[in-house]
Amino acid sequence: MTITTFYHDLLLAFALMSVAVFVVLQWIIKAAYGRHNDGNLAWWWGPSIPTRWSWVVMEAPSSIGFAVIFFMGAQALSAAPLLLFTIWQVHYFHRSFIYPFKRKLKPGDTTPLLIPALAVITNLGIAFLNAAILSWSELGADYSHWLSDPRLWLGLAIFGLGFLVNRHADAMLAALRKPGESGYKIPRGWLYEYISCPNYLGEILIWTGWAVASWSEAGAVFVLWTTANLLPRALSNHRWYRDTFEDYPTTRKALIPGVL
Ligand SMILES: NC(=O)c1ccc[n+]([C@@H]2O[C@H](COP(=O)([O-])OP(=O)(O)OC[C@H]3O[C@@H](n4cnc5c(N)ncnc54)[C@H](OP(=O)(O)O)[C@@H]3O)[C@@H](O)[C@H]2O)c1
């Protein structure tokens, strides 16, 4: 099997897995972390590890793995691939090594080991697809004129917008818990007046921007994968808010203001 065949088979596998993940998370089982880790089906999920380290373990391959794969490519030192590499790392370095330590955790918060274990494998696959397409000449990477292409700058603008939305929304959630608190409150203000999960909307925008900026099938598959994970989660978070708080604003949607 050539590297090109392997690469395209992996792309197809992730596209198909996205559909399967969406079906499973929407209709069969909720990923058992955070508010949805209620101990139900604990036998199925198996042993757990501290949530903070679970985040580091599952996200680090997206930063370190991406860097290793990217710099194996002959085009790694070209300007546009390096720019795309940088924005990927800005997001994933923060997500892997800073964000886990900013989350306000419940005392003794744990996550089933199965979740980071599966995430390590899938995050490495996604990192491979997105890093190799930028710098591996054997896959046809050619971004030599990409700095003057408007798709790069449009994609970067969408990425930047998503980044700001995602970071601000996560920071607002972290600020809801005062020192020593571990419960849930209704988030108020800004995009939270319109939707329950602006952090997920921001995340989907980030990877939509990435797909446009890299103009790659890998980027498109990553948007599909992210949406397959976060849309069902947004819908179940939204249902959870409405079931938990009697005074939860009725006009608020789950993920897309005024729509869904
Ligand atoms: N690319 C992907 O496929 C992907 C997948 C998953 C997550 N992510 C990203 O990772 C980040 C975190 O995701 P997540 O699913 O953990 O988000 P989340 O469920 O919104 O929780 C984020 C943090 O805020 C706390 N929190 C949430 N709602 C709260 C409330 N009403 N009151 C007080 N605290 C509250 C949570 O505490 P608890 O932990 O105690 O619930 C957690 O520490 C997001 O930026 C998301 O976009 C990306």
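As the structure lists them, so they are numbered: ligands from 1, and atoms in each ligand from 1. The figures that follow rest on heavy atoms only: side chains count, while hydrogens, waters and symmetry mates do not.
Among protein heavy atoms, the minimum distance from atom 14 (P) of ligand 1 is reached at Tyr200 OH, 3.5 Å. Scanning the protein heavy atoms around atom 47 (O) of ligand 1, the nearest turns out to be Glu203 OE1, 2.8 Å. Looking only at heavy atoms of the protein, atom 29 (C) of ligand 1 is closest to Tyr184 CD2, 3.5 Å. At the shortest separation from atom 12 (C) of ligand 1 among protein heavy atoms lies Tyr99 OH, 3.1 Å. Residue, atom and distance of the protein heavy atom nearest to atom 28 (N) of ligand 1 are Arg35 NH2, 3.0 Å. Annotation: atom 20 (O) of ligand 1 to nearest protein heavy atom, Asn199 ND2, 3.0 Å. Shortest contact from atom 2 (C) of ligand 1 to any protein heavy atom: Thr226 CG2, 4.1 Å. If you check which protein heavy atom lies closest to atom 13 (O) of ligand 1, you get Trp55 CH2, 3.8 Å.
One finds the CD1 atom of Ile133 at 9.0 Å from the CZ atom of Phe128 (value rounded to the nearest 0.5 Å). Distance check, rounded to the nearest 0.5 Å: CZ of Arg233 to NZ of Lys30 gives 9.0 Å.
Residue-level proximity to ligand 1 for Asn166 is carried by the side chain, the only part with a heavy atom below 4.0 angstrom.
Residue Arg177 holds the heavy atom nearest to atom 34 (N) of ligand 1 of all those in Arg177, Lys106, Arg103. Compare Asn229, Leu230, Val165 by their heavy atoms: the one nearest to atom 6 (C) of ligand 1 is in Leu230.
Contact atoms of ligand 1 toward Tyr241: 28 (N), 29 (C), 30 (C), 31 (N) (distance under 4.0 Å to a heavy atom of the residue). Atoms of ligand 1 lying under 4.0 Å from any heavy atom of Lys185, numbered from 1 in the order shown and given with element: 30 (C), 31 (N), 32 (N).
Cluster annotation: Val57 is not connected to Phe66 through the hydrophobic network of ILVMFWY side chains, with a link wherever side-chain heavy atoms come within less than 4.5 Å.
Taking Ser182 as the reference, nothing meets the side-chain hydrogen bond (donor to acceptor under 3.5 Å, both in side chains) condition, with sequence neighbours excluded. In terms of the side-chain hydrogen bond (donor to acceptor under 3.5 Å, both in side chains) criterion, Arg242 has no residue partners (sequence neighbours excluded).
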Could you walk me through whether Phe97 and Trp55 pass the ring pair (Phe, Tyr, Trp, His ring centres under 6.0 Å) test, one step at a time?
CA-CA 9 Å; Phe97 305 114; Trp55 276 91; over 10 Å; no
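Between Phe85 and Phe71, the ring centre distance stays below 6.0 Å.
Some N or O of Tyr33 is nearer than 3.5 Å to an N or O of ligand 1, by distance alone.
In this structure, Arg177 forms a cation-pi arrangement with Tyr184, its terminal cationic atom sitting closer than 6.0 Å to the ring centre and no more than 45° off the ring axis.
A donor-acceptor contact under 3.5 angstrom links the side chains of Tyr99 and Arg103, judged on distance only.
Within 6.0 Å of CZ on Phe6 lie no more than 12 heavy atoms contributed by other residues, nucleotides or ligands.
Ligand 1 lies within reach of Gly183, whose nearest heavy atom is under 4.0 Å from it. The closest approach between a heavy atom of Trp225 and any atom of ligand 1 is not below 4.0 Å.
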